[in-house]
Novice: 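Dropping a structure here in structure tokens format, bear with me for questions.
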Amino acid sequence: MKKNTEVKRNRLIYLVTGVALLIFGIYLNIGYLNRGEFPHAIIFIALAINQLAWAYVAPHIFPKDERSKTIREKAMTINYYMVLIVIIVLLYVSEQMNLTAYQALTIVGCFSLLSTAFAMIFFSKRV
């Protein structure tokens with residue numbers, strides 16, 4: 001009973017922080033998007049999506065059992081490959097898009113956050 005309450009509390013925390021970060025991220029990025037510039041605070045939207053994904057996957061991750069360990073391991077393995085793919089794609093695309101180093105690192109960071117969360121969701125349904 002205690003673990004079920006803890007999982008519900010964690011899900012609520014993830015949900016509240018995800019919605020708050022999403023509102024904050026949209027507020028910070030709307031000016032950049034209206035001007036047609038690179039949204040420098042896009043990481044807040046990535047963090048919001050990450051928190052919302054963690055709210056979904058929390059019941060599968062927080063019980064300390066073999067299944068949650070397998071989900072985490074597989075998700076991290078996929079994350080390494082996804083970051084490598086994103087870096088390789090950015091190396092080819094950065095010349096055509098005139099990306100700065102800051103913009104490229106922001107994109108890599110966002111994909112790193114999102115690929116981990118979505119891989120955990122994928123493997124929570126498969127394992």
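Note that the structure is predicted; figures quoted are calculated from it, not measured.
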Novice: Is there a path of hydrophobic side-chain contacts, each under 4.5 Å between heavy atoms, that joins Phe24 and Trp54?
Specialist: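 Not linked; separate clusters.
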Novice: Is there any salt bridge (charged side-chain N to carboxylate O under 4.0 Å, His left out) pair reaching into residues 105-121, and which pairs are they, with sequence neighbours excluded?
Specialist: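 Qualifying pairs: none.
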Novice: Show me the donor-acceptor pairs, under 3.5 Å and distance only, between side chains in residues 41-48 and residues at least two apart or in other chains.
Specialist:
none

Novice: Enumerate the residue pairs fulfilling salt bridge (charged side-chain N to carboxylate O under 4.0 Å, His left out) with a member in residues 78-89, sequence neighbours excluded, ordered by first and then second residue.
Specialist: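 Matches after skipping sequence neighbours: none remain.
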Novice: Say whether Leu114 and Met82 are linked into one hydrophobic cluster, either directly or through other cluster members, by side-chain heavy-atom distances under 4.5 angstrom.
Specialist: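 Yes, because Leu114 and Met82 connect within a single hydrophobic cluster, where side-chain heavy atoms sit under 4.5 Å apart.
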Novice: In this structure, would Ile49 and Ile121 fall into the same cluster of hydrophobic residues linked by side-chain contacts under 4.5 Å?
Specialist: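 Yes, because Ile49 and Ile121 connect within a single hydrophobic cluster, where side-chain heavy atoms sit under 4.5 Å apart.
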Novice: What about Val89 and Leu113, same hydrophobic cluster or not, with Ile/Leu/Val/Met/Phe/Trp/Tyr joined at side-chain heavy-atom distances under 4.5 Å?
Specialist: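 Not linked; separate clusters.
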Novice: Starting from Val19 and following side-chain heavy-atom contacts under 4.5 Å between hydrophobic residues (I, L, V, M, F, W, Y), which residues can be reached?
Specialist: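 Under the 4.5 Å side-chain rule, Val19 groups with Leu15, Ile23, Leu52.
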Novice: Mind checking what makes side-chain contact (heavy atoms from CB on, under 4.5 Å) contact with Val108, not counting sequence neighbours?
Specialist: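 Val83, Val86, Ile87, Leu90.
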Novice: Restricting to side chain to side chain donor-acceptor pair (under 3.5 Å), what partner residues turn up for Tyr56, sequence neighbours left out?
Specialist: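 Expected list: Lys125.
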Novice: Kindly write out the residues that satisfy ring-ring contact (aromatic ring centres under 6.0 Å, His included) with Tyr32, not counting sequence neighbours, or none if the list is empty.
Specialist: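 Checked Tyr32 against ring-ring contact (aromatic ring centres under 6.0 Å, His included); matches are His40.
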Novice: Run the side-chain contact (heavy atoms from CB on, under 4.5 Å) test against Tyr92 and tell me which residues pass, sequence neighbours left out.
Specialist: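 For Tyr92, the residues satisfying side-chain contact (heavy atoms from CB on, under 4.5 Å) (neighbours in sequence not counted) are Ile88.
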Novice: List the atom of Arg11, the atom of Ala55, and the distance in Å for their closest heavy-atom pair.
Specialist: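 So the two residues come closest at NE-O, 2.8 Å.
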Novice: Going by the rule side chain to side chain donor-acceptor pair (under 3.5 Å), which residues pair with Arg35 if we only count those two or more places apart in sequence or in a different chain?
Specialist: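 Residues passing side chain to side chain donor-acceptor pair (under 3.5 Å) with Arg35: Glu37.
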Novice: May I ask you to test the Ile78-Lys74 pair for a side-chain heavy-atom distance under 4.5 Å?
Specialist: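 Sidechains of Lys74 and Ile78: no contact.
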Novice: Taking only residues two or more places apart in sequence, or in another chain, which ones meet Gln51 in a side chain to side chain donor-acceptor pair (under 3.5 Å)?
Specialist: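 In terms of side chain to side chain donor-acceptor pair (under 3.5 Å), with neighbours along the sequence ignored, Gln51 is linked to Thr17.
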Novice: Do Asn50 and Leu21 make a side-chain contact, defined as non-hydrogen atoms from C-beta onward lying under 4.5 Å apart?
Specialist: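 Not touching, per the 4.5 Å side-chain cut-off.
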Novice: So, Glu73 side chain and Thr70 main chain: donor-acceptor pair closer than 3.5 Å or not?
Specialist: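 A pair under 3.5 Å: no.
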Novice: Can you hop from Leu99 to Leu84 via hydrophobic side chains spaced under 4.5 Å?
Specialist: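 Not linked; separate clusters.
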Novice: Tell me, please, which residues at least two apart from Ile71 pass side-chain contact (heavy atoms from CB on, under 4.5 Å).
Specialist: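 Checked Ile71 against side-chain contact (heavy atoms from CB on, under 4.5 Å); matches are His60, Ile61, Arg67, Met120, Phe123, Ser124, Val127.
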Novice: With sequence neighbours excluded, what pairs up with Asn79 under the side chain to side chain donor-acceptor pair (under 3.5 Å) test?
Specialist: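 If we apply the side chain to side chain donor-acceptor pair (under 3.5 Å) test to Asn79, skipping adjacent residues, the hits are Ser115, Thr116.
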Novice: Of Asn29, Ile107, Leu33, which is the lone residue that meets side chain to side chain contact (heavy atoms under 4.5 Å, CB included) with Phe38?
Specialist: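 Looking at Asn29, Ile107, Leu33, the match for Phe38 under the side chain to side chain contact (heavy atoms under 4.5 Å, CB included) is Ile107.
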